[in-house]
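First comes the structure, then the notes that go with it.
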Amino acid sequence: VQTEPSFRMQPLSSAATTEPPAPRLKGQAQRGARTREAIVDAALEVFAVRGFRSGALAEIAGKVDLTPAAILYHFGSKESLLLAVIAERDRRAGSLLTDVSRANGLDSLHNLVKIAELNEQNPGLAMLHTVLQAESFEPDAPAHTYFNERSRVVRRWLEDALVAGQGDGTVRAFQNYNTRSAHWQS
């Protein structure tokens, strides 16, 4: 029996987030924020399964009992909705990724297991990331710049972790860590 992927984050650790609480909205502003949140959640699901290009605003709208025009009212364009979806995905994974990048050397590399656990616990978010990244290879894709920059940052982080690990003796020295980090990233 195949189950639907989960798009709700499972708690990964008991670590508290460092984000300050959001200001309390009232009335129409509160309803608008809840509507935007519901639209982003629905778009997470649709884009993960169908991708950005094939994910229709009508399908997203149907999941939240709105019209496609209402989605455009809240986001301005499908591309802006995509950026909100990516930001939400990053927000959900943010504290974990911050914890992973704080460590140095071998500890940093061991923390990658936490990312694998996150992906196991949240297959919908992993699927979303994978589908959007694959679509972003074309230079005219709305998320092309985001994923190019993200790949550059991840590669640099991997190189720094390897160099730190080599420096403290916890990682065996390779002939060329640039080649190794590029291999691990692909």
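What you see below is based on every heavy atom in this structure, not just the backbone, and it leaves out hydrogens, waters and symmetry mates.
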Do the side chains of Ile39 and Ile60 get nearer than 4.5 Å, heavy atoms only?
-> yes

First locate atom CG of Leu162, then atom CD of Glu159, and finally report the distance between them rounded to the nearest 0.5 Å.
-> 8.0 Å

Of all the heavy-atom pairs spanning Glu138 and Arg53, show the shortest one and how long it is.
-> OE1-NH2, 3.6 Å

Selection residues 28-53 - residue pairs positive for ring-ring contact (aromatic ring centres under 6.0 Å, His included), sequence neighbours left out = Phe47-Phe52

Hey, are the side chains of Val154 and Arg150 touching, using non-hydrogen atoms and a 4.5 Å cut-off?
-> yes

Contact check, side chains of Ser151 and Gln133, non-hydrogen atoms, under 4.5 Å | yes

Not counting sequence neighbours, which residues clear side-chain hydrogen bond (donor to acceptor under 3.5 Å, both in side chains) with Glu59? List them please.
-> Arg50

Heavy-atom closest pair (Asn119 atom, Ala126 atom, distance to 0.1 Å) is OD1-CB, 3.6 Å

Residues in side chain to side chain contact (heavy atoms under 4.5 Å, CB included) contact with Ala87, at least two apart in sequence or another chain | none

Is the backbone of Asp41 close enough, under 3.5 Å, to the side chain of Lys63 for a donor and an acceptor to pair up by distance?
-> no

So do the side chains of Phe75 and Val40 get within less than 4.5 Å of each other, counting heavy atoms only?
-> yes

Mind listing the closest non-hydrogen atom pair of Lys78 and Leu72 along with its distance?
-> N-CD2, 4.0 Å

Do you know which two heavy atoms are closest between Phe147 and Ile86, and how far apart they sit?
-> CE1-CD1, 4.3 Å

Could you check if a side-chain atom of Glu117 sits within less than 4.5 angstrom of a side-chain atom of Val113, using non-hydrogen atoms only?
-> yes

Salt bridge between Glu37 and Arg34, side-chain N to carboxylate O under 4.0 Å?
-> no

Closest approach of Gly51 and Val131, non-hydrogen atoms and distance?
-> CA-CG1, 3.3 Å

What one should report as the nearest heavy-atom pair of Pro68 and Ala61 is N-CB, 3.7 Å

What distance do Met127 atom CE and Leu44 atom CG have between them, rounded to the nearest 0.5 Å?
-> 11.0 Å

Under 3.5 Å: donor-acceptor pair, side chain of Arg36, backbone of His74 | yes

Could you grab the distance from atom OG of Ser136 to atom CG of Asn148, nearest 0.5 Å is fine?
-> 7.0 Å

Under a 4.5 Å cut-off applied to non-hydrogen side-chain atoms, are Tyr73 and Thr35 in contact?
-> no

